[in-house]
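Read the structure below first, then the notes.
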2 protein chains.
Amino acid sequence: MLTSQRKHLILESLRDNGQIVAKELSLQWEVSEDTIRRDLRELAQEGLLQRVHGGAMPTTTAKLASSPAMVDLKGRQKLAQHSKSKLGQAAAKLIKPGQVVFIDGGTTNAQLVKNLPLSLRATVITHSPTIAVALIEHPEIEVVIIGGKLFKHSAVTVGAAALDAISRIRTDTYFMGVTGVHAEVGLSTGDLEESYIKRALQAVAANTIVLASADKIDTASPYIICQCQQVNMILTDATIGDETINSYKEQKANIKRV
Amino acid sequence: MLTSQRKHLILESLRDNGQIVAKELSLQWEVSEDTIRRDLRELAQEGLLQRVHGGAMPTTTAKLASSPAMVDLKGRQKLAQHSKSKLGQAAAKLIKPGQVVFIDGGTTNAQLVKNLPLSLRATVITHSPTIAVALIEHPEIEVVIIGGKLFKHSAVTVGAAALDAISRIRTDTYFMGVTGVHAEVGLSTGDLEESYIKRALQAVAANTIVLASADKIDTASPYIICQCQQVNMILTDATIGDETINSYKEQKANIKRV
DNA sequence: CAAAATCAAGCAAAGTCGTGCAAATATGTT
DNA sequence: AACATATTTGCACGACTTTGCTTGATTTTG
C-alpha cells in the first residue's frame, strides 16, 4: 500500500468517524503500528490532524489555543471544503421549483442540501436520515423518507424494504453519490447492497446526475454501479485537468466542471 | 475508547444534561469510576467544569453567584434538563439485550437514546430520522427506519407508506412520545396523522411505555391517542406530587416516577 | 453516630510512544 | 547493467501514559 494513499485514507477515515485509532488501522491495513504512527506524526506536522494517545482526532474538535500551525490548517480545510461547496452550489441550481428529486447520502450531497435556497418549493425523496434531518429547516420542501435497514457506514437505508419502496416511486432527477469515478471501470461504490439501491434509483429517475469531488476522480471502489456514459451528467471539480476530462469524453460521458 | 474522545463526550454530556454523575458514565462507557474521576479532575484543572461530590457541574452554574435571579432561572433550566435525562436513563434500562423496540420521536425519547449503553445489542425501529442518526454511533444496534412522508414539526414520518410499513412489523416494546397526559382525557398529541401512527404502533407492540416529562402531565392536546390505562406504563418525573399520581391510579393507569 | 458512597494516592500490568537501526524497495547516476 | 543514494518499513528497546485495583481518608446520608 502506497504511503500517500494511506495518508489519504487516514484523513478520510478521520472525517467519517471523527477519530483515528492507530491499532485499528494497523490491523485493518496489515501494516505495523509504527507505520501508522509515523503517518499520524507527519499529518500532525502539516496540521491536518491532532495527535492524541492511541490515535488522532480532528483539529476542529481539539480544544487548543491557536498555534501557528492552526492558521495554515484552517486555510487548507477551507480550500478543500470550498470546492465541495462549489459543487453543491452548482447542483442545487439544477433543482427547479416543483420538481421531485431523489438525493443520495454522502458528504457531497449534504453540501447540495446546504446550498438549497430556503424558499425552494420541491419534493425531495431520500434514504439518508442525515439528509432528511438537514431538510427539516426548509419549509417549502416536502420530504419523503425511504425506509429500510440502516447501513451505518454510509448512513442510508438498504435492503428489500428500501428496494420495494423505491419501486413505487418515479423522480425527475436522481443525485447519485459515488466513491469512485473511472473512465474504464465506470461509477463504483464500497458496498454491494448500496450498488443495487443506486441502480434501482437510477431506473426510476428520468435523469441521473453524479456529484463527484476531485478525490473521487480516476479511482475505483469494489462494486460497480454502471458505466460513466449511462448517467446523464457527471459534475466535478474545476481543479480537474483537461486531459482527464477528455479521457471521459472519449467514452461519451457527459462530464462537466464547476 | 480514546481518552481525549472520552473527555469530549464528558463535556458534551455536561452541556446536554447539565450535570455529570461519575458512576453513570462509568457504567455507560464500561470503564472504571476511577478513570472517569481522573478525567473530571483533569478537566476541572483546565477550568472546563466544576467538580462536585459524585460527579461534576458546568462552571457557568457555579459562577452565577452575582445575580440571584439568574441563579434561580438557570438552576431551574438545569433541573428540567436533568429530570428529562433521568427519565431517559430509567427508560434505557428497560431495554434488554436482543429485544426489538420501537422508539418514537421527540426530545424525551432522544434522551433515551443518549443513555443507551454503547455495548447494547438490540434492534431499534423508528420513524424519526433524528433518532436514527443518533443511533449510528451504537455498533451493536440494528436500526430500521420506517419510511414515509416527513412531518416536519415532529420530525417523524407519517402517512399511508408509514402505516403500511408498521403493519408489517412486531415489536417487544413501543416507547411512545406524547404531548399531553391527562387522567380524564387520556394521552394526546398535536397532529391527527401522528395519532393514527401511534395507535398503529401500539397495536403491533407487546408493551407500550409512555415517557412523559413533568410539563406534559395534566395537559391535553387536540388529538387523543388512547386512555391512560391502555398503555402498560407511564414513566414520569420524580417532581410530580402524590395526589396527581393518585388521580391517575384511580383510573387504573400504571404510572411510575423516576 | 454509623453505614454507605465517594475520593485521592500509590502501585503494577498493559498499552502506546519515540528513537535508532537494519533490511527491503525505489530512484537516480554513471 | 552496475552502483550509489534516498525512502519506506518493521523491529527492538527504554521511556512514558493509561488503567483498574487496593488502601485508607473524607464526605454524605439516614
With axes from five pairs an end, tell me the bend angle of the helix from dC1(C)-dG30(D) to dT30(C)-dA1(D), nearest 10°.
40°

For residues Val143(B) and Ile141(B), determine if any side-chain heavy atom of one lies less than 4.5 Å from a side-chain heavy atom of the other.
yes

Please work out if Val52(A) contacts a base, only the sugar-phosphate, or nothing of the nucleic acid, heavy-atom cut-off 4.0 Å.
sugar-phosphate

Please enumerate all residues that pass salt bridge (charged side-chain N to carboxylate O under 4.0 Å, His left out) together with Glu140(B), with sequence neighbours excluded.
Arg121(B)

Sub-4.5 Å side-chain heavy-atom contact between Leu9(B) and Trp29(B):
yes

I want to check something: taking the side chain as every heavy atom from C-beta on, are Ile255(B) and Cys228(B) in contact at a cut-off of under 4.5 Å?
no

Kindly write out the residues that satisfy salt bridge (charged side-chain N to carboxylate O under 4.0 Å, His left out) with Arg38(B), not counting sequence neighbours, or none if the list is empty.
none

Report yes if the side chains of Thr173(B) and Thr208(B) come closer than 4.5 Å at any heavy-atom pair, otherwise no.
no

Are the side chain of Thr236(A) and the backbone of Ala212(A) linked by a donor-acceptor contact shorter than 3.5 Å?
yes

How many Å lie between CD1 on Ile36(A) and P on dC11(D), as a whole number?
14 Å

Walk along DNA chain C from 5' to 3' and tell me the first and last nucleotide with an atom closer than 4.0 Å to a non-hydrogen atom of chain A.
dT16(C) to dT19(C)

Reading nucleotides 15-22 of chain D from the 5' end, what letters show protein touch, with B for base, S for backbone sugar-phosphate only, - for no heavy atom under 4.0 Å?
--SSBBBB

What's the spacing between Leu49(A) CG and Arg41(A) CZ if we round to 0.5 Å?
12.5 Å

Salt bridge (charged side-chain N to carboxylate O under 4.0 Å, His left out) partners of Glu42(A), counting only residues at least two apart:
Lys7(A)

Sole residue of Asp104(B), Ile103(B), Val210(B), Val101(B) in side-chain contact (heavy atoms from CB on, under 4.5 Å) with Tyr174(B):
Asp104(B)

